[in-house]
Amino acid sequence: MSIGYPCITIGVENTQQKTCRKRNATEEHLRTLIDHNLTALKNIIEFNAEHNIKLFRISSDIIPFASDKEVNTLNWSKEFSNQFEELGRLIKKHGIRVSMHPGQYTVINSPDEGVVSRAIADLNYHTLFLDSLGVDEASKLILHVGGVYGDKKAAVNRFVQTYHGLNERVKNRLVIENDDRSYSIEEVLSISERTGAPVVYDNLHSAIYTSDPDKSDTYWINKVKSTWEEKDGRQKTHYSQQQFNNRTGSHSKTIRIDEFMEYYNEVKNLNIDIMLEVKDKNLSAVKCILSTNENGTIKELEEEWSRYKYVVLERSQKIYQSIRLLLKDKNAYPVIQFYRLIEAAIDQIPSNNSALNAASHVWGYVKKEAKEKEKTKFKRLSEAVAKEESELKRLKNFLKQMMEKYDQHYVLESLYFEF
DNA sequence: TTCTGTCAAGCGATC
DNA sequence: GATCGCTTGACAGAA
(Lines give C-alpha, C1' and ligand atoms only; values in the text may rest on other atoms or scores of the structure.)
Protein backbone atom coordinates (compact mmCIF):
# COMPACT_ATOMS: atom_id res chain seq x y z
CA MET A 1 0.00 0.00 0.00
CA SER A 2 1.20 3.49 -0.80
CA ILE A 3 -0.02 6.63 0.94
CA GLY A 4 0.34 9.99 -0.78
CA TYR A 5 -0.76 13.61 -1.02
CA PRO A 6 -1.77 16.07 -3.72
CA CYS A 7 0.00 18.85 -5.57
CA ILE A 8 1.80 21.06 -3.08
CA THR A 9 4.12 20.76 -0.12
CA ILE A 10 4.24 22.52 3.23
CA GLY A 11 7.60 23.63 4.55
CA VAL A 12 9.80 22.27 1.75
CA GLU A 13 12.13 24.77 0.13
CA ASN A 14 12.01 25.41 -3.63
CA THR A 15 8.89 23.39 -4.35
CA GLN A 16 6.44 26.21 -4.96
CA GLN A 17 4.49 26.28 -8.22
CA LYS A 18 4.05 29.55 -10.11
CA THR A 19 1.40 30.72 -12.51
CA CYS A 20 0.28 33.99 -14.10
CA ARG A 21 -2.74 35.87 -15.36
CA LYS A 22 -3.95 35.30 -18.90
CA ARG A 23 -3.12 38.85 -19.88
CA ASN A 24 0.51 38.38 -18.82
CA ALA A 25 0.96 35.00 -20.49
CA THR A 26 3.57 35.81 -23.11
CA GLU A 27 5.57 32.95 -24.62
CA GLU A 28 8.70 34.04 -22.82
CA HIS A 29 6.98 34.35 -19.47
CA LEU A 30 5.31 30.95 -19.87
CA ARG A 31 8.71 29.41 -20.65
CA THR A 32 10.11 30.81 -17.42
CA LEU A 33 7.13 29.52 -15.43
CA ILE A 34 7.24 26.03 -16.93
CA ASP A 35 10.96 25.75 -16.34
CA HIS A 36 10.44 26.87 -12.75
CA ASN A 37 7.52 24.49 -12.16
CA LEU A 38 9.29 21.45 -13.59
CA THR A 39 12.28 22.19 -11.37
CA ALA A 40 9.92 22.54 -8.40
CA LEU A 41 8.39 19.17 -9.32
CA LYS A 42 11.83 17.61 -9.35
CA ASN A 43 12.43 18.94 -5.84
CA ILE A 44 9.07 17.57 -4.72
CA ILE A 45 9.87 14.14 -6.16
CA GLU A 46 13.20 14.17 -4.32
CA PHE A 47 11.50 15.19 -1.09
CA ASN A 48 8.98 12.38 -1.56
CA ALA A 49 11.73 9.85 -2.21
CA GLU A 50 13.58 10.90 0.94
CA HIS A 51 10.40 10.49 2.99
CA ASN A 52 9.30 7.21 1.49
CA ILE A 53 6.23 8.80 -0.12
CA LYS A 54 5.36 6.66 -3.13
CA LEU A 55 2.17 8.32 -4.28
CA PHE A 56 1.84 11.90 -5.52
CA ARG A 57 -0.67 13.95 -7.49
CA ILE A 58 0.88 16.47 -9.87
CA SER A 59 -0.82 19.88 -9.98
CA SER A 60 -2.89 20.59 -13.08
CA ASP A 61 -1.41 24.10 -13.10
CA ILE A 62 2.11 22.87 -13.72
CA ILE A 63 1.89 23.99 -17.35
CA PRO A 64 -0.10 27.25 -17.11
CA PHE A 65 -3.01 27.47 -19.59
CA ALA A 66 -1.80 24.30 -21.28
CA SER A 67 -5.23 23.40 -22.62
CA ASP A 68 -5.87 26.88 -24.02
CA LYS A 69 -4.08 26.94 -27.35
CA GLU A 70 -4.78 30.64 -27.78
CA VAL A 71 -2.97 31.54 -24.58
CA ASN A 72 -0.24 28.92 -24.43
CA THR A 73 1.10 28.29 -27.93
CA LEU A 74 4.29 26.57 -26.80
CA ASN A 75 5.19 23.05 -27.81
CA TRP A 76 6.16 22.52 -24.17
CA SER A 77 6.36 18.76 -24.32
CA LYS A 78 9.09 18.95 -26.96
CA GLU A 79 10.76 22.11 -25.74
CA PHE A 80 11.25 20.74 -22.23
CA SER A 81 11.81 17.13 -23.24
CA ASN A 82 15.13 16.96 -21.38
CA GLN A 83 13.49 17.94 -18.13
CA PHE A 84 10.62 15.52 -18.73
CA GLU A 85 13.06 12.68 -19.34
CA GLU A 86 14.98 13.47 -16.20
CA LEU A 87 11.77 13.69 -14.17
CA GLY A 88 10.53 10.42 -15.60
CA ARG A 89 13.78 8.69 -14.71
CA LEU A 90 13.65 10.05 -11.18
CA ILE A 91 10.01 9.03 -10.68
CA LYS A 92 10.68 5.50 -11.89
CA LYS A 93 13.94 5.16 -9.98
CA HIS A 94 12.16 5.90 -6.71
CA GLY A 95 9.11 3.81 -7.54
CA ILE A 96 6.76 6.76 -7.19
CA ARG A 97 3.28 6.54 -8.69
CA VAL A 98 2.15 9.93 -9.98
CA SER A 99 -1.34 10.95 -11.02
CA MET A 100 -3.28 14.05 -12.04
CA HIS A 101 -6.79 15.27 -11.24
CA PRO A 102 -8.46 17.92 -13.40
CA GLY A 103 -10.74 20.01 -11.21
CA GLN A 104 -14.47 20.63 -11.02
CA TYR A 105 -14.30 22.81 -14.13
CA THR A 106 -13.35 20.00 -16.48
CA VAL A 107 -16.75 18.64 -17.44
CA ILE A 108 -17.25 16.29 -20.36
CA ASN A 109 -20.99 15.80 -19.96
CA SER A 110 -22.07 19.42 -20.29
CA PRO A 111 -24.86 20.24 -22.77
CA ASP A 112 -22.63 23.16 -23.85
CA GLU A 113 -20.40 21.94 -26.67
CA GLY A 114 -17.81 24.62 -25.93
CA VAL A 115 -17.46 23.39 -22.36
CA VAL A 116 -17.07 19.82 -23.58
CA SER A 117 -14.45 20.63 -26.20
CA ARG A 118 -12.43 22.63 -23.65
CA ALA A 119 -12.74 19.72 -21.23
CA ILE A 120 -11.49 17.27 -23.86
CA ALA A 121 -8.56 19.58 -24.62
CA ASP A 122 -7.82 19.62 -20.91
CA LEU A 123 -7.84 15.81 -20.70
CA ASN A 124 -5.53 15.69 -23.70
CA TYR A 125 -3.16 18.08 -21.96
CA HIS A 126 -3.05 16.01 -18.78
CA THR A 127 -2.47 12.85 -20.78
CA LEU A 128 0.32 14.46 -22.79
CA PHE A 129 1.95 15.59 -19.55
CA LEU A 130 1.97 12.06 -18.12
CA ASP A 131 3.03 10.60 -21.48
CA SER A 132 5.90 13.11 -21.60
CA LEU A 133 7.15 11.77 -18.28
CA GLY A 134 7.13 8.29 -19.81
CA VAL A 135 5.16 6.85 -16.91
CA ASP A 136 2.97 3.79 -17.53
CA GLU A 137 -0.82 3.46 -17.48
CA ALA A 138 -0.87 3.02 -13.71
CA SER A 139 -0.37 6.80 -13.59
CA LYS A 140 -3.99 7.84 -13.63
CA LEU A 141 -6.07 10.83 -14.54
CA ILE A 142 -8.97 11.19 -12.11
CA LEU A 143 -12.19 12.85 -13.22
CA HIS A 144 -15.63 13.52 -11.76
CA VAL A 145 -18.69 12.72 -13.83
CA GLY A 146 -19.86 16.33 -14.02
CA GLY A 147 -23.21 18.11 -13.87
CA VAL A 148 -26.81 16.87 -13.78
CA TYR A 149 -28.61 19.65 -15.70
CA GLY A 150 -32.01 18.62 -14.41
CA ASP A 151 -31.94 15.28 -16.24
CA LYS A 152 -29.45 12.83 -14.80
CA LYS A 153 -30.22 10.04 -17.26
CA ALA A 154 -29.45 12.28 -20.23
CA ALA A 155 -26.38 13.70 -18.46
CA VAL A 156 -25.02 10.19 -17.85
CA ASN A 157 -25.68 9.25 -21.46
CA ARG A 158 -23.74 12.29 -22.62
CA PHE A 159 -20.85 11.30 -20.33
CA VAL A 160 -20.75 7.80 -21.79
CA GLN A 161 -21.00 9.07 -25.34
CA THR A 162 -18.22 11.63 -24.92
CA TYR A 163 -16.10 9.05 -23.11
CA HIS A 164 -16.27 6.65 -26.04
CA GLY A 165 -15.09 9.39 -28.39
CA LEU A 166 -11.97 10.19 -26.31
CA ASN A 167 -8.48 9.46 -27.53
CA GLU A 168 -7.29 5.94 -26.57
CA ARG A 169 -4.34 7.36 -24.67
CA VAL A 170 -6.72 9.41 -22.53
CA LYS A 171 -9.02 6.44 -21.94
CA ASN A 172 -6.08 4.31 -20.86
CA ARG A 173 -5.47 6.68 -17.97
CA LEU A 174 -8.94 7.94 -17.14
CA VAL A 175 -10.53 6.97 -13.84
CA ILE A 176 -13.85 8.24 -12.48
CA GLU A 177 -14.63 9.28 -8.92
CA ASN A 178 -17.79 9.71 -6.87
CA ASP A 179 -18.52 13.28 -5.76
CA ASP A 180 -20.41 14.80 -2.84
CA ARG A 181 -23.52 16.19 -4.53
CA SER A 182 -24.27 14.78 -7.97
CA TYR A 183 -22.91 11.27 -8.61
CA SER A 184 -22.75 8.70 -5.81
CA ILE A 185 -20.46 5.70 -5.80
CA GLU A 186 -23.26 3.40 -6.99
CA GLU A 187 -23.97 5.73 -9.92
CA VAL A 188 -20.29 5.99 -10.80
CA LEU A 189 -20.07 2.19 -10.74
CA SER A 190 -22.88 1.89 -13.23
CA ILE A 191 -21.13 4.41 -15.49
CA SER A 192 -17.98 2.33 -15.16
CA GLU A 193 -19.92 -0.68 -16.46
CA ARG A 194 -20.77 1.26 -19.59
CA THR A 195 -17.31 2.77 -20.15
CA GLY A 196 -14.82 0.35 -18.63
CA ALA A 197 -13.20 3.16 -16.65
CA PRO A 198 -11.82 2.16 -13.24
CA VAL A 199 -13.40 3.80 -10.21
CA VAL A 200 -11.82 5.73 -7.36
CA TYR A 201 -13.83 5.50 -4.15
CA ASP A 202 -13.80 8.65 -2.03
CA ASN A 203 -14.90 7.99 1.56
CA LEU A 204 -15.92 11.53 2.53
CA HIS A 205 -17.90 12.14 -0.65
CA SER A 206 -19.67 8.87 -0.07
CA ALA A 207 -20.45 9.76 3.53
CA ILE A 208 -22.13 12.94 2.29
CA TYR A 209 -23.84 11.70 -0.85
CA THR A 210 -25.05 8.12 -1.26
CA SER A 211 -28.36 6.35 -1.58
CA ASP A 212 -27.04 3.53 0.56
CA PRO A 213 -25.63 4.98 3.80
CA ASP A 214 -25.53 1.59 5.51
CA LYS A 215 -22.71 0.29 3.34
CA SER A 216 -19.20 0.57 4.78
CA ASP A 217 -16.04 1.91 3.17
CA THR A 218 -14.69 -1.63 2.92
CA TYR A 219 -17.86 -2.75 1.17
CA TRP A 220 -17.43 -0.13 -1.56
CA ILE A 221 -13.68 -0.60 -1.89
CA ASN A 222 -14.25 -4.32 -2.46
CA LYS A 223 -17.12 -3.64 -4.84
CA VAL A 224 -15.07 -1.17 -6.90
CA LYS A 225 -12.01 -3.42 -7.01
CA SER A 226 -13.19 -5.35 -10.07
CA THR A 227 -13.09 -2.16 -12.18
CA TRP A 228 -9.27 -2.18 -11.85
CA GLU A 229 -7.32 -4.36 -14.25
CA GLU A 230 -3.69 -5.44 -14.06
CA LYS A 231 -2.52 -2.66 -16.41
CA ASP A 232 -4.24 -0.01 -14.28
CA GLY A 233 -1.96 -0.71 -11.34
CA ARG A 234 -3.07 -0.98 -7.75
CA GLN A 235 -6.58 0.17 -6.92
CA LYS A 236 -6.58 3.83 -5.88
CA THR A 237 -8.80 5.42 -3.25
CA HIS A 238 -9.21 8.91 -1.87
CA TYR A 239 -9.36 9.41 1.87
CA SER A 240 -10.28 12.56 3.73
CA GLN A 241 -11.84 13.69 6.98
CA GLN A 242 -14.43 16.36 7.63
CA GLN A 243 -13.16 19.66 9.08
CA PHE A 244 -15.40 20.28 12.11
CA ASN A 245 -17.42 23.49 12.09
CA ASN A 246 -16.91 23.96 8.36
CA ARG A 247 -19.16 23.33 5.37
CA THR A 248 -20.02 19.65 4.91
CA GLY A 249 -17.35 18.20 2.68
CA SER A 250 -14.56 20.56 3.76
CA HIS A 251 -11.30 18.70 4.08
CA SER A 252 -9.70 18.68 7.51
CA LYS A 253 -6.60 20.73 8.28
CA THR A 254 -4.70 17.60 9.19
CA ILE A 255 -5.48 13.89 9.20
CA ARG A 256 -6.57 13.00 12.72
CA ILE A 257 -4.42 9.99 13.42
CA ASP A 258 -6.76 7.91 15.60
CA GLU A 259 -9.56 8.19 13.06
CA PHE A 260 -7.15 7.30 10.27
CA MET A 261 -5.79 4.23 12.06
CA GLU A 262 -9.31 2.93 12.52
CA TYR A 263 -9.84 3.22 8.77
CA TYR A 264 -6.41 1.83 7.98
CA ASN A 265 -6.95 -1.28 10.07
CA GLU A 266 -10.09 -2.02 8.11
CA VAL A 267 -8.55 -1.58 4.68
CA LYS A 268 -4.92 -2.58 5.13
CA ASN A 269 -5.38 -6.01 3.57
CA LEU A 270 -7.37 -4.75 0.56
CA ASN A 271 -4.29 -3.89 -1.52
CA ILE A 272 -5.11 -0.25 -2.23
CA ASP A 273 -3.26 3.03 -2.61
CA ILE A 274 -4.56 5.90 -0.49
CA MET A 275 -4.46 9.50 -1.65
CA LEU A 276 -4.98 11.79 1.34
CA GLU A 277 -6.98 14.90 0.60
CA VAL A 278 -6.05 17.27 3.38
CA LYS A 279 -4.87 20.83 3.87
CA ASP A 280 -1.50 20.02 5.42
CA LYS A 281 -0.55 17.80 2.46
CA ASN A 282 2.88 16.18 2.93
CA LEU A 283 2.73 16.64 6.70
CA SER A 284 -0.22 14.27 6.96
CA ALA A 285 1.32 11.91 4.40
CA VAL A 286 4.47 11.55 6.51
CA LYS A 287 2.33 11.22 9.63
CA CYS A 288 0.25 8.38 8.17
CA ILE A 289 3.22 6.61 6.62
CA LEU A 290 5.17 6.62 9.87
CA SER A 291 2.09 5.62 11.85
CA THR A 292 1.52 2.55 9.70
CA ASN A 293 5.16 1.48 9.61
CA GLU A 294 5.65 -1.49 11.90
CA ASN A 295 9.42 -1.23 11.59
CA GLY A 296 9.72 2.47 12.33
CA THR A 297 12.57 3.80 14.45
CA ILE A 298 12.91 6.53 17.03
CA LYS A 299 15.24 8.35 14.65
CA GLU A 300 12.35 9.05 12.29
CA LEU A 301 10.29 10.50 15.13
CA GLU A 302 13.23 12.62 16.23
CA GLU A 303 13.44 14.05 12.73
CA GLU A 304 9.74 14.84 12.81
CA TRP A 305 10.16 16.38 16.24
CA SER A 306 12.93 18.64 15.01
CA ARG A 307 10.50 20.09 12.49
CA TYR A 308 7.53 20.43 14.84
CA LYS A 309 9.20 21.43 18.09
CA TYR A 310 8.88 25.20 17.83
CA VAL A 311 5.32 24.87 16.57
CA VAL A 312 4.56 22.95 19.75
CA LEU A 313 6.58 25.21 22.04
CA GLU A 314 4.73 28.19 20.62
CA ARG A 315 1.47 26.69 21.86
CA SER A 316 2.17 24.60 24.90
CA GLN A 317 5.19 24.24 27.12
CA LYS A 318 3.43 21.31 28.79
CA ILE A 319 3.02 19.30 25.59
CA TYR A 320 6.55 20.23 24.59
CA GLN A 321 7.86 18.60 27.75
CA SER A 322 5.60 15.57 27.34
CA ILE A 323 6.99 14.88 23.87
CA ARG A 324 10.57 15.25 25.04
CA LEU A 325 9.83 12.69 27.72
CA LEU A 326 8.07 10.42 25.23
CA LEU A 327 11.12 10.33 22.95
CA LYS A 328 13.60 9.49 25.71
CA ASP A 329 13.47 5.73 25.26
CA LYS A 330 15.64 5.19 22.19
CA ASN A 331 14.39 1.63 21.65
CA ALA A 332 10.71 2.53 21.55
CA TYR A 333 8.60 3.77 18.66
CA PRO A 334 5.65 5.59 20.24
CA VAL A 335 4.45 7.03 16.95
CA ILE A 336 0.72 7.29 17.65
CA GLN A 337 1.19 8.93 21.05
CA PHE A 338 3.65 11.31 19.42
CA TYR A 339 1.17 12.50 16.78
CA ARG A 340 -1.68 12.68 19.28
CA LEU A 341 0.39 15.16 21.24
CA ILE A 342 1.32 17.11 18.10
CA GLU A 343 -2.36 17.33 17.15
CA ALA A 344 -3.32 18.46 20.65
CA ALA A 345 -0.73 21.23 20.46
CA ILE A 346 -1.69 22.40 16.98
CA ASP A 347 -5.32 22.66 18.10
CA GLN A 348 -4.34 25.38 20.53
CA ILE A 349 -4.00 29.06 19.75
CA PRO A 350 -0.64 30.43 20.94
CA SER A 351 -0.84 32.69 23.96
CA ASN A 352 1.30 35.84 23.91
CA ASN A 353 3.66 34.35 26.47
CA SER A 354 4.15 30.97 24.80
CA ALA A 355 4.56 32.61 21.39
CA LEU A 356 7.21 34.92 22.81
CA ASN A 357 8.92 31.99 24.47
CA ALA A 358 9.21 30.14 21.15
CA ALA A 359 10.27 33.30 19.35
CA SER A 360 13.09 33.89 21.82
CA HIS A 361 14.29 30.30 21.32
CA VAL A 362 14.39 30.90 17.59
CA TRP A 363 16.06 34.28 18.07
CA GLY A 364 18.73 32.42 20.01
CA TYR A 365 20.08 31.03 16.73
CA VAL A 366 21.15 34.47 15.54
CA LYS A 367 21.38 36.73 18.56
CA LYS A 368 25.17 36.57 18.79
CA GLU A 369 25.66 37.60 15.18
CA ALA A 370 22.78 40.07 15.04
CA LYS A 371 23.56 43.77 14.54
CA GLU A 372 22.51 46.29 17.20
CA LYS A 373 19.77 47.55 14.94
CA GLU A 374 18.38 44.04 14.53
CA LYS A 375 18.47 43.43 18.27
CA THR A 376 16.50 46.61 18.81
CA LYS A 377 13.96 45.57 16.23
CA PHE A 378 13.52 42.16 17.82
CA LYS A 379 13.00 43.80 21.20
CA ARG A 380 10.50 46.29 19.80
CA LEU A 381 8.49 43.61 17.94
CA SER A 382 8.52 41.33 20.99
CA GLU A 383 7.12 44.08 23.18
CA ALA A 384 4.38 44.64 20.63
CA VAL A 385 3.42 40.95 20.75
CA ALA A 386 3.28 41.09 24.54
CA LYS A 387 0.57 43.72 24.22
CA GLU A 388 -1.21 42.63 21.06
CA GLU A 389 -1.55 39.12 19.64
CA SER A 390 -2.03 40.38 16.10
CA GLU A 391 1.59 41.51 16.05
CA LEU A 392 2.91 37.94 16.12
CA LYS A 393 2.92 37.65 12.35
CA ARG A 394 5.16 40.70 12.09
CA LEU A 395 7.59 39.28 14.62
CA LYS A 396 7.76 35.93 12.85
CA ASN A 397 8.26 37.56 9.46
CA PHE A 398 11.22 39.40 10.92
CA LEU A 399 12.60 36.21 12.46
CA LYS A 400 12.28 34.44 9.12
CA GLN A 401 14.29 37.18 7.44
CA MET A 402 16.93 36.83 10.12
CA MET A 403 17.12 33.04 9.69
CA GLU A 404 17.56 33.54 5.97
CA LYS A 405 20.17 36.25 6.41
CA TYR A 406 22.24 34.17 8.82
CA ASP A 407 21.67 30.85 7.03
CA GLN A 408 19.89 29.10 9.86
CA HIS A 409 18.61 26.18 7.82
CA TYR A 410 17.66 24.11 10.83
CA VAL A 411 14.96 26.62 11.67
CA LEU A 412 14.04 27.36 8.06
CA GLU A 413 13.48 23.68 7.36
CA SER A 414 11.33 23.37 10.44
CA LEU A 415 7.61 24.14 10.40
CA TYR A 416 7.82 27.15 12.70
CA PHE A 417 7.08 29.61 9.92
CA GLU A 418 4.34 27.46 8.39
CA PHE A 419 1.86 27.66 11.27
C1' DT B 1 6.66 45.83 2.67
C1' DT B 2 2.26 44.24 3.66
C1' DC B 3 -2.48 43.75 2.66
C1' DT B 4 -6.55 42.97 -0.07
C1' DG B 5 -8.92 41.93 -3.96
C1' DT B 6 -8.82 39.28 -8.16
C1' DC B 7 -8.15 35.49 -11.18
C1' DA B 8 -9.58 31.09 -13.51
C1' DA B 9 -12.80 27.49 -14.29
C1' DG B 10 -18.45 25.53 -14.69
C1' DC B 11 -22.35 24.16 -12.06
C1' DG B 12 -26.27 25.03 -9.40
C1' DA B 13 -28.87 27.59 -5.97
C1' DT B 14 -31.14 31.82 -5.31
C1' DC B 15 -33.25 36.08 -6.26
C1' DG C 1 -31.69 36.30 -16.61
C1' DA C 2 -28.24 37.73 -13.59
C1' DT C 3 -25.59 37.03 -9.60
C1' DC C 4 -23.32 34.57 -6.12
C1' DG C 5 -21.02 30.68 -3.75
C1' DC C 6 -18.17 26.99 -4.17
C1' DT C 7 -12.53 26.08 -4.41
C1' DT C 8 -7.59 27.23 -4.53
C1' DG C 9 -3.02 29.40 -4.20
C1' DA C 10 -0.75 32.85 -6.04
C1' DC C 11 -0.77 36.98 -8.71
C1' DA C 12 -0.98 42.02 -8.89
C1' DG C 13 -1.87 46.33 -7.66
C1' DA C 14 -3.14 49.34 -3.69
C1' DA C 15 -1.96 51.09 0.65
Side-chain angles (χ1 to χ4, degrees), chain A residues 5-12 14-26 29-30 32-34 36-37 40-41 44 57-72 100-123 125-126 142-152 154-156 158-159 162 177 179-183 202 204-205 208-209 238 240 242-243 246-253 277-282 377 380-381 384 390-402 404-405 417-418:
Chain A
Y5 68 99
C7 303
I8 60 173
T9 59
I10 308 287
V12 185
N14 305 317
T15 58
Q16 205 181 34
Q17 298 281 323
K18 283 178 185 269
T19 183
C20 68
R21 296 288 181 262
K22 261 185 176 178
R23 60 177 178 275
N24 299 325
T26 61
H29 189 45
L30 285 170
T32 314
L33 293 174
I34 293 167
H36 172 95
N37 288 349
L41 176 60
I44 291 176
R57 179 190 302 162
I58 297 169
S59 167
S60 292
D61 298 328
I62 191 156
I63 310 288
F65 305 105
S67 59
D68 191 336
K69 289 279 174 258
E70 298 202 346
V71 179
N72 187 335
M100 296 180 93
H101 186 6
Q104 57 185 307
Y105 304 110
T106 304
V107 182
I108 67 166
N109 77 336
S110 175
D112 181 330
E113 284 177 24
V115 171
V116 176
S117 67
R118 285 191 290 277
I120 292 171
D122 202 42
L123 294 179
Y125 145 61
H126 284 86
I142 289 108
L143 186 70
H144 290 291
V145 178
V148 174
Y149 315 94
D151 183 349
K152 193 174 265 187
V156 168
R158 275 198 307 276
F159 182 93
T162 310
E177 180 192 354
D179 65 75
D180 59 359
R181 62 172 183 177
S182 301
Y183 293 95
D202 183 302
L204 185 60
H205 291 162
I208 295 163
Y209 186 73
H238 288 177
S240 55
Q242 173 70 40
Q243 175 65 41
N246 272 32
R247 179 194 62 86
T248 304
S250 272
H251 292 153
S252 61
K253 289 190 182 122
E277 296 189 315
V278 60
K279 304 267 189 239
D280 72 354
K281 311 292 180 185
N282 52 307
K377 188 165 182 186
R380 179 168 57 79
L381 290 171
S390 57
E391 296 293 317
L392 181 58
K393 208 176 158 192
R394 215 181 288 275
L395 174 63
K396 287 179 77 170
N397 282 345
F398 171 68
L399 282 172
K400 192 175 180 190
Q401 281 172 26
M402 289 295 99
E404 279 163 357
K405 179 176 174 186
F417 297 112
E418 306 295 331

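Letters A, B, ... mirror the listed sequences (proteins, then strands); counts begin at 1.
If you check dT8(C), dT2(B), dC11(C) against the side chain of N397(A), the one that comes closest is dT2(B). Closest contact between the side chain of V148(A) and the listed nucleotides dG12(B), dA10(C), dG9(C) involves dG12(B). Among the nucleotides dG9(C), dT8(C), dC11(C), the one closest to any side-chain atom of I8(A) is dG9(C). The nucleotide whose nearest atom lies closest to any side-chain atom of R23(A) is, among dC11(C), dC7(B), dG10(B), dC7(B).
Between the P atom of dA12(C) and the NZ atom of K22(A) lies a distance of 14 Å, rounded to the nearest Å. Note: CG (D179(A)) to P (dG12(B)) measures 9 Å, nearest angstrom. Note: NZ (K393(A)) to P (dT4(B)) measures 9 Å, nearest angstrom. Spacing between atom CD of Q104(A) and atom P of dC7(B) amounts to 18 Å, rounded to whole angstrom units. With rounding to whole Å, I10(A) atom CD1 is found 14 Å from dA10(C) atom C1'. Residue N246(A) contributes atom CG, which lies 15 Å from atom C1' of dG5(C) at whole-angstrom precision. For the pair K400(A) NZ and dT1(B) P, the computed distance is 14 Å after rounding to whole Å. With rounding to whole Å, F159(A) atom CZ is found 16 Å from dC11(B) atom C1'.
Within the 4.0 angstrom heavy-atom criterion, only backbone atoms of the sugar-phosphate kind lie near G147(A); the bases stay farther away.
For the pair Q17(A) and dA10(C), the criterion of a side-chain N or O lying under 4.0 Å from OP1 or OP2 is not met. In terms of phosphate contacts, T106(A) brings no side-chain nitrogen or oxygen within less than 4.0 Å of OP1 or OP2 of dA9(B). Side-chain nitrogen and oxygen atoms of R118(A) include at least one within less than 4.0 Å of the OP1 or OP2 phosphate oxygen of dG10(B). Applying the 4.0 Å criterion to OP1 and OP2 of dG9(C), one finds that K279(A) has every side-chain N and O outside that range. Regarding contacts with the backbone of dC11(B), a side-chain N or O of S110(A) is found under 4.0 angstrom from either OP1 or OP2.
The side-chain tip of R158(A) points at the ring of Y149(A) from less than 6.0 angstrom away and within 45° of straight on.
Donor-acceptor pairing under 3.5 Å, judged by distance alone, is present between the side chain of R21(A) and the base of dT6(B).
Nearest-nucleotide positions on DNA chain B place Q401(A) closer to the 5' end than the other of Q401(A) and Y149(A). Comparing S250(A) and C20(A) by the nucleotide of DNA chain C whose heavy atom lies nearest to each, the residue mapping closer to the 5' end is S250(A).
A side-chain donor-acceptor contact under 3.5 Å links T106(A) and D122(A).
C20(A) is listed as a side-chain neighbour of F65(A), based on a closest heavy-atom distance under 4.5 Å. Residues H144(A) and Y183(A) form no side-chain contact, since every pair of their non-hydrogen atoms from C-beta on lies 4.5 Å or further apart.
In this structure, the side chain of D61(A) does not engage the main chain of K18(A) through any donor-acceptor pair within 3.5 Å.
Using a 4.0 Å cut-off between charged side-chain N and carboxylate O, E70(A) and K22(A) make no salt bridge.
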